[in-house]
Amino acid sequence: MSFISKIFGKKEQIKEKGKSNQKPPRKIQPDRIGDLGEYKINIQLDQFPKNYKHVADFMFVNEKAKSGFSQIDHILLSPYGIFVIETKNYSGEIVGSKSDKQWTVNKKHKVMNPFHQNYGHIQTIKQALQLSEAHPIFSMISFTRRATFRTDPELRKIQSTQLCVYDTELTEFINRKINVMKLQNSTPVFTDSEIEDMFHTLKVINITDAQMRENHKAALKSDITFQGATCVTCGVKVSEKVKQFCLSNKKFEGKIYCFQHQKR
């Protein structure tokens, strides 16, 4: 073997040894992917002017929900309207229209139409902030680039009050929508003072108790079925575990309370 061959032979051995020592890339868990996605959106929405207010991960009482609570991913209060944003981490092709009760993921998995889900969120916000139908509220569904959606073309038109966007273009669509609203309204719809008041109201309503939030997440993951037990104070359905906890706790005197009213 020639001197040159020996040199190149050693180089190849070193390369192969290096490859064998390399660790396989670590897979990111779905929950972690979702957290990273939310982090990116938080950064985007926090970049708006100071008189805009951003509420993330808003949790409120919902008697119709299995856990007794519901969550809104993001609310952006602006002088020209309120943006209610639902984020989805679906991967694959998303097919659906505004009127469909369910959308399809990868031609086989059925999911609730996210705009129908967001409709309930918007009604809650209207009631909490005492808004009328005349106040502009925009429903936005944000997907990651891991998804490809085949939806109504209307959901991509900036004139629509319902918008389906990718997370990377969320800021762009909001700014474009605000520019349209500025052309249609000579003065802002909401004053800075009104935005502050709405922001304060949402902060008061927002459930921040860590245990209640964990129980809500657990209920969603395990698909808890309820046994008909309800809170004696507000009538919200509670899980069998909550029911047994209350009945075994002497201070509740045999009555059942939801998480929110156990502290009162």
Side-chain angles (χ1 to χ4, degrees), residues 37-65 69-88 98 113-143 152 154-209 213 260:
E38 290 300 318
Y39 178 70
K40 288 193 300 181
I41 290 179
N42 281 334
I43 290 176
Q44 288 189 67
L45 297 179
D46 287 340
Q47 296 303 311
F48 281 90
K50 289 184 178 180
N51 60 328
Y52 289 53
K53 296 298 178 183
H54 170 217
V55 180
D57 196 17
F58 178 73
M59 182 170 157
F60 59 95
V61 174
N62 182 357
E63 296 180 6
K64 296 180 180 180
F69 304 96
S70 287
Q71 284 177 287
I72 300 176
D73 293 326
H74 301 276
I75 305 168
L76 182 66
L77 307 172
S78 86
Y80 290 92
I82 298 173
F83 296 85
V84 182
I85 304 162
E86 177 73 18
T87 61
K88 298 297 182 185
K98 290 193 295 184
N113 182 335
F115 285 105
H116 289 186
Q117 181 182 1
N118 228 19
Y119 174 81
H121 293 166
I122 289 172
Q123 298 311 306
T124 296
I125 293 173
K126 282 183 176 179
Q127 184 176 4
L129 301 181
Q130 298 182 341
L131 300 175
S132 69
E133 293 298 323
H135 290 107
I137 302 183
F138 311 112
S139 178
M140 299 187 75
I141 311 300
S142 170
F143 290 93
D152 290 343
E154 292 294 321
L155 298 177
R156 293 287 289 173
K157 292 182 180 179
I158 206 65
Q159 294 84 0
S160 175
T161 58
Q162 296 178 315
L163 292 167
C164 189
V165 303
Y166 286 114
D167 55 357
T168 53
E169 59 185 12
L170 182 61
T171 299
E172 174 194 347
F173 267 75
I174 291 175
N175 280 324
R176 288 173 60 194
K177 188 66 185 178
I178 288 173
N179 287 334
V180 170
M181 294 299 295
K182 285 180 178 179
L183 292 174
Q184 296 174 348
N185 300 274
S186 57
T187 58
V189 178
F190 300 112
T191 65
D192 290 352
S193 177
E194 288 173 328
I195 292 175
E196 284 287 351
D197 288 343
M198 290 190 292
F199 181 61
H200 176 72
T201 298
L202 292 177
K203 284 183 68 176
V204 171
I205 297 172
N206 188 23
I207 296 171
T208 57
D209 183 87
R213 283 178 167 268
Q260 186 177 9

Could you tell me which non-hydrogen atom of Gln71 sits nearest to which non-hydrogen atom of Asp57, and how far apart they are? NE2-OD1, 2.6 Å

Spatial distance of atom CD (Glu38) from atom CG (Leu45) [nearest 0.5 Å]: 9.5 Å

Any side-chain heavy-atom pair of Ile75 and Ile85 under 4.5 Å: no

In the structure I gave you, are the side-chain heavy atoms of Lys203 and Met198 within less than 4.5 Å of one another anywhere? no

Evaluate whether atom CD of Gln184 has more than 12 neighbouring non-hydrogen atoms of other residues, nucleotides or ligands under 6.0 angstrom away. yes

To the nearest 0.5 Å, tell me how far Asp192 CG sits from Glu194 CD. 9.5 Å

Contacts of Phe138 meeting ring pair (Phe, Tyr, Trp, His ring centres under 6.0 Å) (sequence neighbours excluded), chain-then-number -> Phe83

Side-chain heavy atoms of Ile82 within contact of Leu131, under 4.5 Å: yes

Apply the test side chain to side chain contact (heavy atoms under 4.5 Å, CB included) to residues Tyr52 and Ile195: give CA-CA distance (whole Å), side-chain angles for both, the deciding distance (0.1 Å), then the verdict. CA-CA 7 Å; Tyr52 289 53; Ile195 292 175; over 6 Å; no

Kindly indicate whether the side chain of Val165, heavy atoms from C-beta on, has any atom under 4.5 Å from the side chain of Leu155. no

Report yes if the side chains of Leu77 and Phe190 come closer than 4.5 Å at any heavy-atom pair, otherwise no. no

Nearest heavy-atom neighbours spanning Thr201 and Ala128: CG2-O, 3.8 Å

Does one side chain, of Lys157 or Gln162, offer a donor that lies under 3.5 Å from an acceptor on the other? no

Between Asn113 and Phe115, is there a donor-acceptor pair closer than 3.5 Å when you use the side chain of the first and the backbone of the second? yes

Got a second to check how far Ile178's CD1 is from Ile158's CD1, nearest 0.5 Å? 10.0 Å

Given Phe58, which of Ile207, Val84, Asp73, Asn206 fulfils the side-chain contact (heavy atoms from CB on, under 4.5 Å) condition? Asn206

Beyond-backbone contact of Val180 with Gln159, side-chain heavy atoms, under 4.5 angstrom: no

CG of Asn118 to CD1 of Ile72: how many Å apart, nearest 0.5 Å? 7.0 Å

Is Glu154 salt-bridged to Lys98, cutoff N-O under 4.0 Å? no

Let me confirm one number: the OG1-NZ distance from Thr124 to Lys126, rounded to the nearest 0.5 Å. 11.0 Å

For Lys182 and Lys177, run side chain to side chain contact (heavy atoms under 4.5 Å, CB included): C-alpha distance rounded to whole Å, both residues' side-chain angles, the deciding distance at 0.1 Å, then the answer. CA-CA 9 Å; Lys182 285 180 178 179; Lys177 188 66 185 178; over 6 Å; no

Under the 3.5 angstrom rule, does the side chain of Glu196 hit a backbone N or O of Thr191 as a donor-acceptor pair? no

Using a 3.5 Å distance criterion without hydrogens, assess whether the side chain of His135 forms a donor-acceptor pair with backbone atoms of Ser132. yes

Counting C-beta onward and ignoring hydrogens, is there a side-chain heavy-atom pair between Tyr80 and Pro188 closer than 4.5 Å? yes

Heavy-atom closest pair (Glu86 atom, His121 atom, distance to 0.1 Å) is OE1-CE1, 3.5 Å

To the nearest 0.5 Å, tell me how far Asp209 CG sits from Met59 CE. 8.5 Å

Considering only NZ, NE, NH1 and NH2 on the basic side and carboxylate oxygens on the acidic side, decide whether Arg156 and Glu169 come within less than 4.0 Å. yes

Do Ile141 and Leu163 have side chains that approach each other closer than 4.5 Å (heavy atoms only, starting at C-beta)? no

Test Phe48 against Ser78 for side chain to side chain contact (heavy atoms under 4.5 Å, CB included), laying out the working first. CA-CA 9 Å; Phe48 281 90; Ser78 86; over 6 Å; no

Among His74, Met140, Lys40, exactly one meets side-chain contact (heavy atoms from CB on, under 4.5 Å) together with Thr87. Which residue is that? His74

Decide yes or no on side chain to side chain contact (heavy atoms under 4.5 Å, CB included) for Ile41 and Ser142, but give the supporting numbers first. CA-CA 9 Å; Ile41 290 179; Ser142 170; 3.8 Å; yes

